[in-house]
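In the text below, chain A, chain B and the rest are named by the order of the sequence lines, each starting its count at 1. In this text the structure is predicted, and so the values were computed from the model without any measurement.
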Amino acid sequence: MGSIWEYANPVKFSRTAGLVLPWVSIGATVTLVVGLVWGFFFTPDDYRQGSTVKIIYLHVPSALMAINVWFMMLVTSLVWLIRRHHVSALAAKAAAPVGIVMTVIALLTGAIWGQPMWGTWWAWDPRLTSFLILFLFYLGYLALWGAIDDPDTAADLTSVLCIVGSVFAVLSRYAVNFWNQGLHQGATLSLDKEENIADVFSTPLYISIAGFVLLFIALVFLRTRTEIQKRRTKALLARERLG
Amino acid sequence: MSLSVHDLTITRGGIPVLEGLNFSLEPGRALILRGPNGVGKTTLLRTVAGLQPPLSGRVDCPPESIAYAAHSDGLKAMLSVTENLNFWSDVFGRKDISAAIQAFDLAALTDRMAGTLSAGQKRRLGLARLLVTGRPIWVLDEPTVSLDTASVRMFADAVRAHLQAGGSALLATHIDLGLSEAEVLDVGPFRAGPNSTVPGGFDEGFL
Amino acid sequence: MSLSVHDLTITRGGIPVLEGLNFSLEPGRALILRGPNGVGKTTLLRTVAGLQPPLSGRVDCPPESIAYAAHSDGLKAMLSVTENLNFWSDVFGRKDISAAIQAFDLAALTDRMAGTLSAGQKRRLGLARLLVTGRPIWVLDEPTVSLDTASVRMFADAVRAHLQAGGSALLATHIDLGLSEAEVLDVGPFRAGPNSTVPGGFDEGFL
Amino acid sequence: MISLLIRDLKLAFRAGGGFGLGLAFFLIVTVLVPFGVGPESSLLSKIAPGILWLGALLACLLSLDRILALDWEDGSLDLLATSPLPLEGVVTIKALAHWLTTGLPLTLAAPFFGLLLSLPEPGYPWLVLSLLLGTPALSVIGTFGAALTVGIKRGGLLLSLLVLPFYVPTLIFGAELARRGAEGLATTTPLLMLAGITFGVIALLPFASALVLRVNLR
Amino acid sequence: MISLLIRDLKLAFRAGGGFGLGLAFFLIVTVLVPFGVGPESSLLSKIAPGILWLGALLACLLSLDRILALDWEDGSLDLLATSPLPLEGVVTIKALAHWLTTGLPLTLAAPFFGLLLSLPEPGYPWLVLSLLLGTPALSVIGTFGAALTVGIKRGGLLLSLLVLPFYVPTLIFGAELARRGAEGLATTTPLLMLAGITFGVIALLPFASALVLRVNLR
Ligand code: HEM
Ligand SMILES: Nc1ncnc2c1ncn2[C@@H]1O[C@H](COP(=O)(O)OP(=O)(O)OP(=O)(O)O)[C@@H](O)[C@H]1O
Ligand SMILES: Nc1ncnc2c1ncn2[C@@H]1O[C@H](COP(=O)(O)OP(=O)(O)OP(=O)(O)O)[C@@H](O)[C@H]1O
Ligand SMILES: [Mg+2]
Ligand SMILES: [Mg+2]
């Protein structure tokens with residue numbers, strides 16, 4: 001069996017991604033449709049939260065993804081810095097927009113949920129706040145990619161940004177927890193009650209989460225392939241110019 | 001203190017520009033790089049100076065023996081000529097700047113802010129910096145831009161004195177410096193072709 | 001469309017640098033300014049181009065007939081070669097840039113961002129801008145800096161074509177452009193002395 | 001003129017051009033304020049209109065040094081000054097390009113930031129209106145400041161310092177308009193004053209800007 | 001090393017060098033806040049520690065792009081990179097010079113600005129202490145941001161955008177320390193956290209800064 005690093009070759013990766021992509025896409029569509037339809041239409045209303053509880057099927061998966069996408073970018077950034085495989089850097093680049101969209105979905109669904117639940121669109125609850133900070137990190141990361149012309153330089157710089165940023169993101173999380181403790185006790189109660197969720201709610205939730213994961217994988221494969229193709233076009237043009 | 005370059009391939013913007021370069025520079029010698037605009041002289045000098053890594057091949061030279069001077073002079077507009085020179089001489093651990101001031105005829109300008117100098121005066125100051133580095137190998141990119149003929153001669157004299165003191169110089173230039181003892185290397189023939197075989201060029205992992 | 005300069009005294013940093021300058025430039029002629037570094041050529045050209053007022057004397061020339069090119073080229077690193085040229089051609093109300101691209105051999109570079117060009121290529125682009133202005137009087141400050149010999153020839157040809165078309169050119173340079181038909185004016189003798197009698201120099205209202 | 005506007009907008013959208021950064025900066029200031037003053041929403045909603053205006057003003061301020069300094073550094077400004085375009089036109093176009101890439105997006109995004117600071121319900125239309133009226137003045141005044149400081153290397157901080165006092169009237173009437181709107185008070189006076197400042201500034205300041213620019217070029 | 005520090009300080013004090021501008025900016029922000037949020041002193045004294053910290057942070061932010069960009073533009077950075085100084089040392093010195101010309105004066109001047117915002121009596125020593133502990137972190141983190149964006153023309157706004165999220169923990173603990181001090185609450189935790197962040201950042205971040213600077217130089 002070949003080493004996993006074989007797939008670090010852009011051509012090989014492209015080919016493999018091309019083979020896997022249709023299956024992942026189908027899987028993502030099926031799980032998403034099943035999870036969301038089940039969640040939205042075939043679960044009973046919650047006795048306290050009414051039908052608004054159903055937004056959980058978007059909110060929780062997207063929130064989970066938002067964090068995990070950053071984590072994946074952290075790993076691929078490290079791989080790029082250590083082993084200098086272009087695919088790795090491009091995968092990080094491809095994942096970032098998906099991550100920021102997930103963050104926005106989590107924030108928006110949270111806000112929509114918060115309106116009936118807490119009577120406000122936004123509160124400076126520690127968890128919400130650290131999500132907003134995550135959003136800022138994504139924003140800076142994307143802005144840096146956008147501002148630099150040379151792809152390898154951009155890959156290096158964004159990788160370092162991602163790694164240092166992760167440390168600071170964790171720090172911020174603690175800082176925010178500390179900051180809002182003294183003032184807003186109990187505001188977090190409305191979160192953190194996974195244990196209370198009954199099975200009727202949780203099965204579609206798990207399916208929905210799986211759907212988001214598959215969707216993310218499909219998008220990252222697709223976008224990484226596009227990035228590879230872009231680089232390839234550029235390389236071909238450059239070679240042509242020399243000839 | 002000799003510099004040698006083995007089978008060097010250099011890239012700019014991800015594209016190989018020069019390949020298969022081999023040359024060496026012994027103490028006391030000067031080598032002038034020639035070649036049309038855009039062939040890659042600047043890129044080569046930056047690679048030799050260690051500012052960018054080569055794509056393949058290697059540059060052999062004792063670390064910290066190179067004094068590099070590029071298109072921009074690294075002058076601070078709000079420091080006087082003396083302060084500018086003193087700063088670089090401190091950084092490189094030497095103290096005396098009067099030889100440098102004399103060699104480039106800056107005595108009349110010592111108290112002027114560098115920002116108020118004319119183009120050629122700035123360049124002279126930039127070149128005077130080389131003398132205060134005390135480094136043996138000079139790597140210079142178009143050093144005589146904006147200089148009048150008298151100053152070009154002054155520069156050639158400074159290079160000659162440097163060579164006599166056992167230093168060496170690698171220069172890229174388009175004009176005649178009057179350095180008859182220098183060897184000339186035309187880098188034109190080393191231009192990288194489209195079927196360059198060096199691995200890593202053209203992002204060819206992507207092809 | 002002729003330019004003439006009468007009894008001009010110019011200052012830089014409040015100090016007169018050149019005084020008593022008189023010359024004129026007829027259509028079809030080129031005038032090369034020479035002089036040692038720091039004598040005041042750049043200052044003179046800026047005055048002629050109307051960017052700074054003279055201390056005394058006057059510059060006679062039809063307004064809006066001068067195309068000025070200085071040490072920096074006014075290129076936008078993030079615009080392509082074509083976009084850069086198109087912009088200036090729009091500003092000056094002309095449309096066609098292909099002649100300019102051809103004259104300075106930029107055809108291979110049209111889609112490149114100006115920021116990725118080499119020093120000489122940038123300069124060629126900066127000079128190509130002159131052709132899209134359609135202005136009759138070129139005022140150029142060291143136009144051939146960083147150019148290789150082929151490009152210097154290209155530039156000389158462009159100037160020659162411009163002269164033949166009834167334009168004129170005022171150039172400051174230290175190197176030989178191969179423009180044998182141009183007159184040469186050495187501004188050295190016009191260097192302002194300490195007993196300059198021109199009123200207003202040295203802030204002498206304060207003396 | 002049009003080609004100058006197009007070029008500036010194009011540059012703003014290219015890599016490193018800075019479009020959207022103003023917005024992001026605005027967002028960050030809005031987020032930082034609660035970190036500084038604490039998360040109580042009653043306190044926040046009280047200072048929201050002022051903070052939002054301050055944030056917009058700072059985002060504007062930070063992008064001012066791009067208006068002219070870039071063109072100065074690469075010599076374009078010298079060339080523009082010797083071109084057929086009148087310098088008054090050049091500075092107006094520059095201010096317009098700045099507003100289109102900074103002020104306008106800020107105005108459109110302000111309601112979302114209002115949510116973060118729990119701006120009271122009736123305040124939203126007034127916030128947008130006040131920004132729509134006020135930000136053009138910020139761009140025009142900023143261009144004047146940029147013209148004043150164009151010869152100074154990395155003059156960003158000096159520029160901010162020069163411009164801030166000029167921003168005070170706009171800030172006062174703008175924030176006042178937004179606050180009165182949010183609290184349901186009469187808004188006519190600040191509205192008229194704000195509009196007056198903006199139109200006056202647009203009509204007159206470009207001449208001053210062109211004047212100081214000419215001084216700086218020589 | 002010392003000569004680099006001396007040069008940077010000298011440049012900061014020369015015309016156009018920007019010393020004191022940070023202070024002036026701080027002053028203006030402090031003055032503008034009451035215009036924005038209204039003059040009630042009870043409200044002001046409540047938000048004073050936060051606003052003072054924010055003002056210091058913004059003043060710091062605005063001067064960040066001078067740390068490395070000037071040296072990059074005139075080619076000094078290339079020359080420094082080929083000089084005997086290690087790049088880690090260069091960035092540390094740059095951060096130190098920035099702190100000496102920005103953070104330190106801000107810290108010393110903060111009590112006066114506290115008066116303007118009617119900061120409660122017991123808050124003053126805590127305000128100064130928190131700034132003294134926190135501003136070095138701002139300079140070091142800022143130098144990292146400056147190294148990241150040094151190749152980008154007029155990258156000031158991008159720089160702010162990148163750096164601000166990194167400032168969040170420092171801001172939170174700093175402002176919290178000042179506020180708790182002002183309100184007479186326990187201050188140990190934020191004090192320890194703030195000191196921890198500052199020392200950690202000083203010890204580690206210069207390596208990252210030198211790394212990205214090297215990438216940018218090639
Ligand atoms: C804009 C605002 C919001 C954001 C950014 C946000 C963020 C998050 C995040 C990050 C998670 C995943 C945490 C994890 O599982 O580790 C989460 C889960 C959850 N959120 Fe939100 N949330 C927001 C608003 C709300 C609102 C208003 C409610 C309901 C009142 C809510 C209820 C929940 C629940 C029940 C979970 C799942 C339980 C859990 O995993 O701990 N969220 N939210
Ligand atoms: N990002 C890029 N993408 C593609 N090509 C580039 C890029 N950057 C530079 N080049 C090209 O690399 C080549 C080498 O440039 P370099 O500056 O080394 O040339 P040079 O020999 O110093 O020329 P000159 O004599 O004009 O200074 C040039 O042809 C330039 O156009
Ligand atoms: N602020 C100032 N104070 C005093 N002298 C100044 C000031 N600014 C410029 N000068 C001097 O004015 C003189 C004219 O400068 P200018 O740039 O016009 O020279 P130049 O002929 O173009 O020289 P070069 O050939 O080197 O480009 C120079 O000697 C310069 O040192
Ligand atoms: Mg070159
Ligand atoms: Mg000159």
Tell me, side chain or backbone of E:L54 under 4.5 Å from chain D's heavy atoms, or both, or neither? side chain
How far does CG of D:L44 sit from CD1 of E:I47, to the nearest 0.5 angstrom? 9.5 Å
Minimal heavy-atom distance between E:K46 and D:L43, with the atoms involved, is CD-CD1, 4.2 Å
Among E:L164, E:V163, E:L61, E:V168, whose side chain to side chain contact (heavy atoms under 4.5 Å, CB included) with D:I28 holds? E:L164
Identify which part of E:V31 has an atom lying under 4.5 Å from any heavy atom of chain D, answering side chain, backbone, both or neither. neither
Contacting region of D:L171 [heavy-atom separation from chain E under 4.5 Å]: side chain
Considering only heavy atoms, which portion of D:L52 lies under 4.5 Å from any heavy atom of chain E: side chain, backbone, both, or neither? neither
E:Y124 atom OH, neighbour heavy-atom count above 12 within 6.0 Å: yes
Locate the shortest heavy-atom distance separating E:A175 from D:G36; write the atom from each residue and the value. CB-O, 3.7 Å
